[in-house]
Amino acid sequence: MASLLSSSFTLTSSKVDHLSSLSKKQYFLHSFLPKKANQPNSKSFLKVKCAAVGNGLFTQTTQEVRRIVPENKNGLPTVKIVYVVLEAQYQSSLTAAVQSLNESKRYASYELVGYLVEELRDESNYKSFCKDLEDANIFIGSLIFVEELALKVKAAVEKERDRLDAVLVFPSMPEVMRLNKLGSFSMSQLGQSKSPFFQLFKKKKQSAGFADSMLKLVRTLPKVLKYLPSDKAQDARLYILSLQFWLGGSPDNLGNFLKMISGSYIPALKGLKIEYKDPVLYLDTGVWHPLAPCMYDDVKEYLNWYGTRKDVSEKVKGPNAPIIGLVLQRSHIVTGDDSHYAAVIMELEAKGAKVIPIFAGGLDFSGPVEKYFVDPVTKKTFVNSVISLTGFALVGGPARQDHPKAIEALMKLDVPYIVAVPLVFQTTEEWLNSTLGLHPIQVALQVALPELDGGMEPIVFAGKAHALHKRVEQLCTRAIKWAELTKKTKEEKRIAITVFSFPPDKGNVGTAAYLNVFASIFSVLKDLKEDGYNVEGLPESSEALIEEVIHDKEAQFSSPNLNVAYKMGVREYHKLTPYATMLEENWGKAPGNLNSDGENLLVYGKQYGNVFIGVQPTFGYEGDPMRLLFSKSASPHHGFAAYYSFVEKIFKADAVLHFGTHGSLEFMPGKQVGMSDACYPDSLIGNIPNVYYYAANNPSEATIAKRRSYANTISYLTPPAENAGLYKGLKQLSELISSYQSLKDSGRGPQIVSSIISTAKQCNLDKDVDLPDEGTELSVKDRDSVVGKVYSKIMEIESRLLPCGLHIIGEPPTAMEAVATLVNIAALDRPEDEITSFPSILAQTVGREIEDIYRGSDKGVLKDVELLKQITEATRGAISKFTKFYRADREKLRKLFEFLGECLKLIVADNELGSLKQALEGKFVEPGPGGDPIRNPKVLPTGKNIHALDPQAIPTTAAMQSARIVVERLVERQKIDNGGKYPETVALVLWGTDNIKTYGESLGQVLWMIGVRPIADTLGRVNRVEPVSLEELGRPRIDVVVNCSGVFRDLFINQMNLLDRAVKMVAELDEPVEMNFVRKHALEQAESLGVGVREAATRIFSNASGSYSSNINLAVENSTWNDEKQLQDMYLSRKSFAFDCDAPGAGMTEKRQVFEMALSTAEATFQNLDSSEISLTDVSHYFDSDPTNLVQNLRKDGKKPSAYIADTTTANAQVRTLSETVRLDARTKLLNPKWYEGMMSTGYEGVREIEKRLTNTVGWSATSGQVDNWVYEEANTTFIQDEEMMNRLMNKNPNSFRKMVQTFLEANGRGYWETSADNIEKLRQLYSEVEDKIEGIDR
């Protein structure tokens, strides 16, 4: 599959046999190209060419395909025209226009050369562009919206502008628009002048209205200007006529345009009076069909014509045919570059659908969509689903977007909205060979922005000017499937609910983040049943549902397997799964040994009427240590493929509902974005509409599911965060501190302090607070200091936020839970909305700033700890305790409470079930951002189609400010721990989700460490950086080694480019090496590797394209690893793929040597925690990416690096050591009765959640060695020594309890936990008992 092709390589003939399946796939890929292309002969496959050909850029084409030089000039003057455009649709029209002018042999002979803006990245193309401009007469530019390329165009044209006879730039970035000049008409004052023309460009939030106002102007101005005498008015009139000609796009219009400009502005032709015709005007918006006699302005007329057609079947014209609306770009139609549009229309009609293709000339399609897709009288929608073939956001195209306006139009339509993608910056071949898939700039413009409108399914359907037949077929079938959901009755609809089991074990069926899966499914099915769906035989309770799915009823007792819903023979499997042979390279012949009984492939699950609940198979390699070491992930196994073949072709699902965050489908190998039909996610999901319940706080992985498995993601709420509270010894400590405060001046002060010290030691707080020995004489000041520090630690534990229990779909939070969420929302300042946080308002009443109080409390200043506690309690009991701070600013409070009132409505509005039903009925699901509801209440109410953000919008200015604070604290902390020296290198991790939630804070941290700042362009997009001077920075530039998660790589490839450019720029600065550690290390590494400084300064790493994670998490969860060295090898082999800004088209290339050398200089490792729901032991991702022990092994001095965690979950951002954070996590979650009882109350799922936290703690021991012995000891006391607790765990979920006992034994066996021989003996006995119990039930 495509992800194997990660770099350009040639195979020796001995390897050819081994890779025969690869060559078959390569052939499989060529099935996309239009049939007339020559099919390559088999020999050519031996050299597997990849994206990294030629210049290492995405776009390998050159201007020479668009150059016309007149053969015979006939003694006529030459007019040379150079043009730069975004897409190639003008190429054929302009070429035809120039050829016909040259054939007429009158006036002049024309030379023409055209560049696609993306080609100018290549240095040699850019040089030839500058050279072409040197003797050009006319320059034309259009739709130049990529800043770095816009600046290149500007620089080149500016040099020649005074000499050129005419410069015409149509809608582009203001910098390029200012180049316009026609006679006395110029736009150099653009954005400053008072004239209406310039006012258009000034509006900051002009969105797409800009293009539309421009079109209106184009319609009316020439008529007005005709009657104005001045030359200036005539030049302006000709500019506007030029724009009319250009938008009219046909060869005739463009021929007349060139005649008009050359006759008016080329000195050699001025006296000739060259005649030209006025522009032929086409409709601005309308309905178009390749076979229709004309364009229609009225949809009724179009439908009348449609009814008279003889070339389509009666079925297509009949009332039951699904009707698909298409949205097209007018420029492709008027320039005749429309074959890819025609292909989609023909394919839809061949599949039995009626088509209404509409177009618009501007960039705002919201009006035309309403005008042509909605019946003006009944307000009913004509169409059942809509595909936009423009690839752009509905309102605003590549320029500024207006998403609220787009969403409003799409909500009125209320049908699924698919945005397919034509290749703009790559040829078909380049896309096929690229492991990244779509060009990053195209992902930002044509995938990320349409998602904000609610667009889904970014299927690549066309190359430059031709359709990709297999992709068109996939696109059309899926659009019709979505449309059919509106046609079928509820009773006949078939739904396949898919649950996950990870790691594979019976105790883990139905894993999903923060979700009680079976209780949720039960609640959804009850609701669907009431709604008219056929859910026959649904049991009475969610517990009974679990039993039926998990236990095989046909075995005498429950077999070790799950309930088998279907047995698929190998022949049937091959017949239903066209790509089955592709899987043999990784898994051998079917059926294999996963999800099979040796003869058949087994599909696990249970059917109730028309609803099937199935268990998605896992990756399959989690139990194989050798496979975990492979740097690229294996294909899905036969059982996995059989599952989806069953769902689509035997069960015949109308929709699949993936239940909860998250499965493996969207993480299967293939391109990152813009799947081909050889990418596994595309093959597996096939033609089934995919609806996916995803946690609202995980927009990054939800986006991967949208892009790679075409999911309509619906958000669900994470359990509301509550304060951790205090228990056992910690509670006792809190009481002792209260009595100290009231009695400290009496004789009992020293005695109480002594009790506080001994109790703190029993609670293991001596690891976090410097405690004196018991019995030491302390002064009053020292006593206050000790108590202050202990108090500060206790408050930190008490006020830590944690989600209690698991969410159930369709159950809105209780009143108490809603209040808990509101308190957390009220604790953050929101300067952009002019809202001051509650703690800030209260601090101001006592004449303090809240930041000061936070600092004092962190240091353990007793009166500040006490004041912060009062503020916290007043915030919690806001109204009842309000009297103490009665001087609070009323206006600020009014604003805050109004905002909280709005938030409360959002918290309790519950639309998770409603949105699911809308999706299943083929309606539009309103889009909304994913993220942390506390930071961004717009995430609420849940039940929205989650999207991420515009990747070019980060890091924001606010994120950079927060980043600076964290970096300064990190550097300070490291200096304290490191004898006052600055760290030379920090190894850190970038996550997708936290950068979405914080708008790029951790991205900003990397930039600030190396001392650069991001620069936004005029459209607010961040594509450039500049160095901050050493004076301003006030410290050396710190070197970084950045490990980007696979999800970050997929979502933010532009930002990886930005980071790589930034690091390389800093490495090349002429600065003393003691002030620039990036340069210092790059020079050393360049010398020892024998490469240039830029290559040695490679610091931005991730997985190979299409692969995710270091697999350490899989090894730990499945106990399939021998020693820590093996885990470190996994990390190095999977995470050493680098991104290179000098060859962005090459994708991720393996650079292990540079990776190891860079890591060996690290003195600190660093990660961010960004929201209260996910902490270090909640998920396995954090330890999976932790290189602490690895760095120690790579360092020449063998010194362990300091390990830090930045915690920005509250307004009081903290940088703690990793071991402090692990202790805090253990105290507030694993060992906290409030947390584990909350989990136990959810039954089967809760036991699994407790076991997961313990396993993840072992993961931290394995990668960092930063877990204290007492954590395991206390956990053993809590869950194993307590007889009653142990029995509850065993009865609720014996499989997960067995895993828990095994994990304790493993922690001891691997040397992470020292305990008494009695404890170990008890655990061993317990293990055999549980085994017997499970086997006993099972046998």
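- For the pair Leu168 and Phe257, the minimum side-chain heavy-atom distance is below 4.5 Å.
- In this structure the side chain of Ile345 reaches within 4.5 angstrom of the side chain of His289, judged on heavy atoms.
- Salt-bridge check for Lys127 with Asp122: failed, with every basic side-chain N at 4.0 Å or more from each acidic carboxylate O.
- With contacts defined as side-chain heavy-atom distances shorter than 4.5 Å, the pair Pro267/Asp165 qualifies.
- Under the 4.0 Å criterion applied to side-chain N and carboxylate O atoms, Arg1094 and Glu1068 are assigned as salt-bridge partners.
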Yes or no on salt bridge (charged side-chain N to carboxylate O under 4.0 Å, His left out) for Glu119 and Arg66, after CA distance, side-chain angles and deciding distance? CA-CA 12 Å; Glu119 289 166 355; Arg66 290 177 289 280; 2.5 Å; yes
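- Looking only at distances, no side-chain donor or acceptor of Asn180 sits under 3.5 Å from a matching main-chain atom of Ser186.
- At least one side-chain heavy atom of Leu389 sits less than 4.5 Å from a side-chain heavy atom of Val344.
- Phe425 places none of its side-chain heavy atoms less than 4.5 Å from the side chain of Leu116.
- With sequence neighbours excluded, the residues that form a salt bridge (Lys or Arg N to Asp or Glu O under 4.0 Å) with Asp1017 are Arg1021.
- Ring-plane geometry between Trp288 and Tyr341 is classed as perpendicular, the angle between the planes exceeding 60 degrees on a 0 to 90 degree scale with a lower cut at 30.
- Aromatic ring orientation, Tyr90 versus Trp246: parallel (interplanar angle below 30°, classes split at 30° and 60°).
- A salt bridge is defined here as a Lys NZ or Arg NE, NH1 or NH2 lying under 4.0 Å from an Asp or Glu carboxylate O, and Arg121 with Glu148 meets this definition.
- Residues Ile333 and Arg330 are not in side-chain contact: their nearest non-hydrogen atoms beyond the backbone lie 4.5 Å or more apart.
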Side chain to side chain contact (heavy atoms under 4.5 Å, CB included), that's the test. Do Ser264 and Leu238 meet it? Break it down for me. CA-CA 9 Å; Ser264 309; Leu238 292 190; 3.6 Å; yes
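- Here Leu328 contributes atom CG and Thr285 contributes atom OG1; the two are 12.5 Å apart, rounded to the nearest 0.5 Å.
- Taking each heavy atom of Ile261 and Ser242 in turn, the nearest pair found is CD1-OG, 3.5 Å.
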Run the side-chain hydrogen bond (donor to acceptor under 3.5 Å, both in side chains) check on Asp235 and Ser184 step by step: do they pass? CA-CA 6 Å; Asp235 290 328; Ser184 59; 2.6 Å; yes
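- The minimum heavy-atom distance between Phe129 and Ala156, with the atom names listed, is CE2-CB, 3.6 Å.
- Under a 4.0 Å N-O distance rule, the pair Arg1061/Asp1142 does not qualify as a salt bridge.
- Within a 6.0 Å sphere centred on CZ of Arg106, other residues, nucleotides and ligands contribute 12 heavy atoms or fewer.
- Tyr239 contributes no side-chain N or O that, together with a main-chain N or O of Leu182, makes up a donor-acceptor pair within less than 3.5 Å.
- The shortest heavy-atom contact between Asn1054 and Pro440 is ND2-O, 3.4 Å.
- Using modelled atom types, one side-chain atom of Lys80 and one backbone atom of Asp132 make a donor-acceptor pair closer than 3.5 Å.
- Both the sub-6.0 Å distance and the 45° axial angle are not jointly satisfied by Lys259 relative to the ring of Tyr107.
- A donor-acceptor pair under 3.5 Å links the side-chain atoms of Gln426 to the main chain of Gly437, judged by distance alone.
- Side-chain atoms of Asn102 come within 3.5 Å of backbone N or O of Tyr110 as a donor-acceptor pair.
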Show your working on side chain to side chain contact (heavy atoms under 4.5 Å, CB included) between Thr390 and Phe365 and close with a plain yes or no. CA-CA 10 Å; Thr390 66; Phe365 290 92; 3.8 Å; yes
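- By the 4.0 Å N-to-carboxylate-O rule, Lys181 lies too far from Asp162 to be salt-bridged with it.
- When every heavy atom of Leu149 is checked against every heavy atom of Glu118, the shortest pair comes out as CD1-OE1, 3.5 Å.
- Closest heavy-atom contact between Ser128 and Tyr115: OG-OH, 3.0 Å.
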Side chain to side chain contact (heavy atoms under 4.5 Å, CB included) between Lys159 and Leu133, intermediate numbers included: CA-CA 9 Å; Lys159 270 208 277 281; Leu133 283 172; over 6 Å; no
Applying side chain to side chain contact (heavy atoms under 4.5 Å, CB included) to Leu438 and Leu423, what does each step give before you reach the verdict? CA-CA 8 Å; Leu438 272 183; Leu423 294 174; 3.7 Å; yes
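- In this structure a side-chain-to-backbone donor-acceptor pair under 3.5 Å is missing from Ser434 to Leu432.
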Report, one line per pair, each donor and acceptor closer than 3.5 Å where one atom sits in a side chain of residues 268-276; sequence neighbours left out.
none

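- With Asn256 contributing its side chain and Lys277 its backbone, the two residues share a donor-acceptor pair below 3.5 Å.
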For Tyr83 and Ser142: C-alpha separation, side-chain torsions, deciding distance, then whether side-chain hydrogen bond (donor to acceptor under 3.5 Å, both in side chains) applies. CA-CA 8 Å; Tyr83 68 93; Ser142 173; over 6 Å; no
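- Under the 3.5 Å distance criterion, the side-chain polar atoms of Lys105 are left unmatched by any main-chain donor or acceptor of Leu76.
- Note that CZ of Arg67 and CD of Glu111 are 6.5 Å apart. Values are rounded to the nearest 0.5 Å.
- A donor-acceptor pair under 3.5 Å is formed between the side chain of Ser93 and the backbone N or O of Thr335.
- The pair Arg178-Glu175 does not count as a salt bridge, with every side-chain nitrogen at least 4.0 angstrom from each carboxylate oxygen.
- By the 6.0 Å contact criterion, CD on Glu71 is open, its count of non-hydrogen atoms from other residues, nucleotides or ligands being 12 or less.
- By the 4.5 Å heavy-atom criterion applied to side chains, Ile138 and Val82 are not counted as neighbours.
- Counting heavy atoms from C-beta on, the side chains of Asn1023 and Gln952 come closer than 4.5 Å.
- Nearest heavy-atom pair across Thr78 and Asn137 is O-OD1, 3.7 Å.
- At least one donor-acceptor pair closer than 3.5 Å links the side chain of Ser172 to the backbone N or O of Leu143.
- Between atom CG of residue Leu241 and atom CE of residue Met260 there is a gap of 5.0 Å, rounded to the nearest 0.5 Å.
- No salt bridge links Arg161 with Glu158; every basic N to acidic carboxylate O contact stays at or beyond 4.0 Å.
- Qualifying salt bridge (Lys or Arg N to Asp or Glu O under 4.0 Å) partners for Asp337, counting only residues two or more places apart in sequence or in other chains: none.
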